[in-house]
Amino acid sequence: MRSTRPKDFRSIPNATGGIARLACARLRELGKDVKAVLSKAGLRLEEADDPTARLEVRTQIKILELAAEELRDDFLGFHLARSFDLREIGLVYYVIACSEQLADALRNAERYSRIVNDGVRLRFKLDGTAVIALDYVNVDRCSDRHQMEFWLVTLMRICRQVTDSRLAARRLKVRHSRAGSPVEFKSFFGTDIEFDADADEIIFPAPIASLPIVGRDTYLNKLLRRYAEEALAWQPELRASIHSRVERIIPQLLPHGRAEVSEVARQLGMSSRTLSRKLRDEGVTYAEILDKLRSALAKRYLSDRELPVTEIAWLLGYREVSSFTHAFKRRTGMTPREFRLSDCVRGERERPAGIKGGH
């Protein structure tokens with residue numbers, strides 16, 4: 001892989017690779033060169049074709065982006081999730097499908113989903129509403145939209161299938177951006193999607209938690225959970241990298257002009273020197289992380305033509321618009337105004353958003 005690997009391999013999330021293999025199958029169906037696409041992601045065809053081989057999550061995300069470009073399908077993750085057999089998920093699906101009630105099923109999904117993909121943490125919350133939340137662990141959320149949309153569609157399909165009902169979400173929130181709310185998304189989920197949100201969540205009315213599971217089987221559930229516990233025991237406990245923790249903190253500090261290494265270190269409970277050393281051990285510097293995030297956020301904010309440049313400068317931690325303009329031109333060769341008038345803006349609208357505030 002060309003990406004920098006942290007020295008501690010416990011911080012590298014991996015997945016069964018099911019979504020990537022579905023994308024490869026779609027490429028083959030349409031006569032595309034799968035090998036060439038995989039090569040761009042740093043993966044060999046033999047690895048992708050081996051169903052027992054786990055893939056790094058960042059590689060899976062890259063494959064999905066490349067496949068979407070090759071297929072000219074801007075909603076590839078959504079489309080792949082609509083058509084595959086849910087039983088392909090394997091053990092985790094069957095544990096869910098023989099639970100007692102939907103709340104039990106989702107709690108089982110919360111516990112065992114990392115068997116499928118340990119870069120995505122599923123959480124189920126029941127407090128006034130029933131919420132399925134997804135958090136990325138040691139994976140750059142800015143880099144993804146297709147995998148997340150695959151997860152959201154799959155979770156909705158599972159909830160509907162195991163309860164034999166046409167559930168509709170009360171709200172649906174995603175962190176990345178899209179130009180408007182796609183009609184087919186609203187038709188499937190039963191609600192408009194809130195893009196550029198502060199979380200990735202499906203929110204249901206609380207009563208759905210008590211819906212019975214159609215195929216509930218207490219004995220089978222107990223048996224399968226034992227197998228799932230054994231599989232979970234084989235999964236290394238993923239330890240959050242310092243890099244990923246820094247990435248989560250910086251965007252919250254930028255608008256207040258406090259995105260200094262000393263403040264980030266303080267929030268992480270360590271000295272600036274210790275933070276710099278830990279980041280160096282992971283192959284990156286604080287300045288590089290800050291620069292990358294600012295650049296990604298600047299392009300994303302500029303793609304929203306309704307957002308004034310003065311406000312964008314503030315969101316990115318610049319006291320003067322001129323400072324933002326100078327920094328942006330240094331990185332891109334264009335002023336913010338020129339960027340907004342360029343073809344680049346359309347591409348940014350279709351890419352994952354920057355951070356705000358098994359498949």
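It should be emphasised that the depicted structure is a prediction, and the values quoted were computed from it without experimental measurement.
At a threshold of 4.5 Å between non-hydrogen side-chain atoms, the residues I89 and I158 count as touching. At least one side-chain heavy atom of L155 sits under 4.5 Å from a side-chain heavy atom of L122. When side chains are defined from C-beta on, I213 counts as touching L102, because their heavy atoms get closer than 4.5 Å. Side-chain contact between R145 and R178 is present, with heavy atoms from C-beta onward closer than 4.5 Å. T154 is listed as a side-chain neighbour of L86, based on a closest heavy-atom distance under 4.5 Å. The shortest side-chain heavy-atom distance between V120 and Q147 falls under the 4.5 Å cut-off.
A donor-acceptor pair under 3.5 Å is formed between the side chain of N108 and the backbone N or O of D104. S276 contributes a side-chain N or O that, together with a main-chain N or O of S272, makes up a donor-acceptor pair within less than 3.5 Å. Checked by atom type and distance alone, the side chain of R21 pairs as donor or acceptor with a backbone atom of T16 at under 3.5 Å. With hydrogens and angles disregarded, a donor-acceptor distance shorter than 3.5 Å links the side chain of E282 to the backbone of I242. No donor-acceptor pair closer than 3.5 Å links the side chain of R28 to the backbone N or O of V34. With hydrogens and angles disregarded, a donor-acceptor distance shorter than 3.5 Å links the side chain of D144 to the backbone of H146.
Ion pairing of R141 with D200 is present here, as a side-chain N (NZ or NE/NH1/NH2) and a carboxylate O approach within less than 4.0 Å. Contact check on E229 versus R226 returns no salt bridge, with no Lys/Arg side-chain nitrogen under 4.0 Å from an Asp/Glu carboxylate oxygen.
What you find for A168 and P205 is that their closest heavy atoms are O-CD, 4.4 Å. Closest heavy-atom contact between C142 and L293: SG-CD2, 4.3 Å. The minimum heavy-atom distance linking R166 with F188 is given by the pair NH2-O, 3.6 Å. Closest approach of I289 to L279, counting heavy atoms only: CD1-CD2, 3.8 Å. The heavy-atom pair separating G283 from E288 by the smallest distance is O-OE1, 4.5 Å. The heavy-atom pair separating P255 from P251 by the smallest distance is CD-O, 3.3 Å.
No single ILVMFWY cluster, assembled from side-chain heavy atoms under 4.5 Å apart, contains both V131 and M156. Cluster annotation: L223 and Y93 are assigned to the same hydrophobic cluster (Ile/Leu/Val/Met/Phe/Trp/Tyr, side-chain heavy-atom contacts under 4.5 Å, transitive). Both L307 and L316 are part of a single hydrophobic cluster, where members link through side-chain heavy atoms under 4.5 Å apart. Taken together through direct or relayed side-chain contacts under 4.5 Å among Ile, Leu, Val, Met, Phe, Trp and Tyr, V183 and V174 form parts of separate hydrophobic clusters. Residues I203 and F124 do not share a hydrophobic cluster, defined by chaining ILVMFWY side chains whose heavy atoms lie under 4.5 Å apart.
With rounding to the nearest 0.5 angstrom, the CG atom of L91 is 9.5 Å from the CD1 atom of I96. Between atom CG of residue D140 and atom CD1 of residue I61 there is a gap of 8.0 Å, rounded to the nearest 0.5 Å. Between the OG atom of S83 and the CG atom of L22 there is a distance of 7.5 Å, given to the nearest 0.5 Å. Taken from CD in E263 to CZ in R266, the straight-line distance is 4.0 Å, to the nearest 0.5 Å. Atom CG of L76 and atom CG of L64 lie 6.0 Å apart (nearest 0.5 Å). Expressed to the nearest 0.5 Å, how far OG of S39 lies from CZ of R44 amounts to 11.5 Å.
The environment of CZ in R337 is sparse: at most 12 heavy-atom neighbours from other residues, nucleotides or ligands sit within 6.0 Å. The neighbour count for E46 CD, taken as heavy atoms of other residues, nucleotides or ligands under 6.0 Å away, is above 12.
Using bins of under 30°, 30° to 60° and over 60° for the plane-to-plane angle, the ring pair F78/F185 lands in the parallel bin. Ring geometry, H256 versus W314: the interplanar angle exceeds 60°, so the pair is classed perpendicular (tilted spans 30 to 60°).
When ring centroids are compared, F84 and F150 come within the 6.0 Å threshold.
Every residue meeting the ring-ring contact (aromatic ring centres under 6.0 Å, His included) condition with F324, not counting sequence neighbours, appears here in chain and number order: Y318, F328.
Under the 6.0 Å distance and 45° angle rule, R160 does not count as a cation-pi partner of F204.
A side-chain hydrogen bond (donor to acceptor under 3.5 Å, both in side chains) with E194 is found for exactly one of R175, K173, R171, namely R171.
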Could you give me the CA-CA distance, side-chain angles and deciding distance for L106 and C159, then say whether side chain to side chain contact (heavy atoms under 4.5 Å, CB included) is met?
-> CA-CA 9 Å; L106 292 173; C159 289; 4.1 Å; yes
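With hydrogens and angles left out, the side-chain atoms of E247 and Y136 include no donor and acceptor closer than 3.5 Å.
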